[in-house]
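Worksheet: the structure to be examined is printed underneath.
The model shown is predicted, which means the values in this text are computed figures rather than measured ones.
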Amino acid sequence: KNQLIDLVDLVLLDIMMPEMDGFEVLKRLKNDSFLQHIPVIMITAFDDTDSAINCIKRGADDYLTKPFNRVLLTARISACLERKHLREKEEGYLRQIEEYNLGLEELVREQTQELAVINQRLQILDKAKGDAIKLIYYDFQNSLRGLFKKVVTNRPDDANTLLETVKQSFQLTKIDPHTVIFLFEVNAVRTI
């Protein structure tokens with residue numbers, strides 16, 4: 001059948017034939033998934049509208065009555081072949097679109113998996129950063145508390161000097177006041 005499809009571009013089919021009429025041949029062609037796309041022009045000696053309508057309803061692409069004009073036949077054959085060519089192009093484009101869609105779906109699936117792995121790593125790093133900041137905060141707070149206790153206990157006048165020194169150390173180390181560490185340090189000093 002595949003060879004037949006490659007060899008046949010169009011069928012001129014007479015309604016009146018021995019053994020099997022054109023309607024039956026048309027029905028078999030249009031019910032066959034391999035052959036249904038071949039254009040069919042029905043030819044008949046009957047010049048009635050019902051026959052033409054019946055042929056078109058059954059899947060014929062065109063209809064001519066005998067005797068037919070060769071120029072008209074050539075024009076209708078050309079039109080049917082052009083429609084077939086356009087239909088084949090459209091099917092080719094649709095196959096390409098399907099292939100591109102499958103490729104895009106695979107690419108999206110791969111990138112989604114990569115993003116999931118990256119997101120897991122970011123969550124691990126974010127947790128580690130939070131844990132490190134907590135350790136720094138508590139260590140800093142405990143160190144300052146111990147220092148202030150010694151100063152306040154031994155020399156209460158030096159507490160204000162020590163507080164001023166801590167403030168200056170923030171400025172000298174250029175800790176960005178918008179960072180979490182700066183807020184932890186200021187809160188630790190205030191708490192103490």
Side-chain angles (χ1 to χ4, degrees), residues 1-46 48-66 68-136 176 178-181 183:
K1 283 187 178 181
N2 286 337
Q3 291 174 343
L4 179 64
I5 292 170
D6 292 338
L7 295 175
V8 178
D9 289 321
L10 181 130
V11 173
L12 290 175
L13 184 59
D14 197 334
I15 292 177
M16 300 299 290
M17 297 188 303
E19 294 183 33
M20 186 184 305
D21 68 9
F23 292 124
E24 184 61 28
V25 173
L26 178 64
K27 178 182 172 186
R28 289 184 182 191
L29 281 172
K30 295 304 173 179
N31 286 337
D32 189 311
S33 62
F34 288 106
L35 304 174
Q36 66 186 355
H37 299 296
I38 298 174
V40 178
I41 297 176
M42 299 297 286
I43 299 173
T44 183
F46 302 120
D48 64 27
T49 308
D50 290 338
S51 292
I53 292 171
N54 195 11
C55 289
I56 301 299
K57 278 185 179 178
R58 292 179 184 214
D61 293 87
D62 212 333
Y63 180 89
L64 281 172
T65 57
K66 294 180 192 175
F68 49 83
N69 180 309
R70 287 181 184 238
V71 174
L72 181 61
L73 176 62
T74 302
R76 292 198 176 173
I77 288 173
S78 295
C80 283
L81 290 176
E82 181 65 22
R83 283 193 303 266
K84 179 184 180 218
H85 175 71
L86 291 173
R87 186 172 39 245
E88 288 170 352
K89 262 184 149 177
E90 178 185 22
E91 289 170 358
Y93 291 146
L94 289 174
R95 279 192 298 276
Q96 280 182 330
I97 289 170
E98 284 180 36
E99 290 172 11
Y100 290 147
N101 279 341
L102 290 175
L104 286 173
E105 286 174 5
E106 181 61 28
L107 183 62
V108 167
R109 192 173 14 263
E110 288 171 5
Q111 289 184 347
T112 301
Q113 289 172 349
E114 287 176 24
L115 287 173
V117 168
I118 290 169
N119 190 34
Q120 287 175 342
R121 289 179 184 161
L122 284 173
Q123 288 175 353
I124 291 168
L125 288 173
D126 193 42
K127 184 179 180 325
K129 181 182 96 176
D131 292 345
I133 289 173
K134 285 178 189 175
L135 286 174
I136 291 168
D176 184 359
H178 296 88
T179 64
V180 175
I181 293 174
L183 293 176

Which heavy-atom pair separates [X] from [Y] by the least distance, and what is that distance?
X	Y	answer
Arg87	Pro39	NH2-CG, 4.4 Å
Val108	Thr112	O-OG1, 2.6 Å
Tyr63	Ile15	CE1-CD1, 4.2 Å
Leu26	Gly59	CD1-C, 4.3 Å
Val25	Met20	CG2-SD, 3.5 Å
Ile43	Asp14	O-OD1, 2.9 Å

Could you check whether atom CE of Met17 has more than 12 heavy atoms from other residues, nucleotides or ligands sitting under 6.0 Å from it?
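Yes, the 6.0 Å shell around CE holds more than 12 heavy atoms from other groups.
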
Above 12 or not: heavy atoms from other molecules or residues under 6.0 Å from NZ of Lys66?
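Result for NZ/Lys66: enclosed.
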
Any heavy-atom pair between the side chains of [Y] and [X] that's under 4.5 Å?
X	Y	result
Lys84	Asp9	yes
Leu12	Leu10	yes
Glu91	His37	yes

How far does [atom1] of [X] sit from [atom2] of [Y], to the nearest 0.5 angstrom?
X	Y	atom1	atom2	result
Gln111	Ile118	CD	CD1	10.0 Å
Leu29	Glu24	CG	CD	10.5 Å
Cys80	Ile38	SG	CD1	12.5 Å
Arg83	Ser78	CZ	OG	11.0 Å

Lys/Arg N to Asp/Glu carboxylate O, Arg28 vs Asp32, below 4.0 Å
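Asp32 and Arg28: not salt-bridged.
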
Salt-bridged, Arg95 to Glu99, with N to O below 4.0 Å?
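Looking at Glu99 together with Arg95, the answer is no, because their closest N to O distance does not fall below 4.0 Å.
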
Quick one: which residue pairs count as a salt bridge (charged side-chain N to carboxylate O under 4.0 Å, His left out) with a foot in residues 54-64, not counting sequence neighbours?
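Checked against salt bridge (charged side-chain N to carboxylate O under 4.0 Å, His left out) - neighbours excluded - the pairs reaching residues 54-64 are Lys30-Asp61, Asp62-Arg76.
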
Check the pair Asp126 / Lys129 against side-chain contact (heavy atoms from CB on, under 4.5 Å), numbers first and verdict last.
CA-CA 5 Å; Asp126 193 42; Lys129 181 182 96 176; 4.1 Å; yes

Using the side chain to side chain donor-acceptor pair (under 3.5 Å) criterion, which residues pair with Asn119? Sequence neighbours excluded.
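With neighbours one apart ignored, the set is empty.
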
Using side chain to side chain contact (heavy atoms under 4.5 Å, CB included) as the criterion, point out the one residue from Leu72, Asn69, Thr44 that pairs with Leu64.
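Exactly one candidate clears the test, Leu72.
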
Going through the distances and angles, do Leu102 and Glu106 end up as a side-chain contact (heavy atoms from CB on, under 4.5 Å)?
CA-CA 6 Å; Leu102 290 175; Glu106 181 61 28; over 6 Å; no

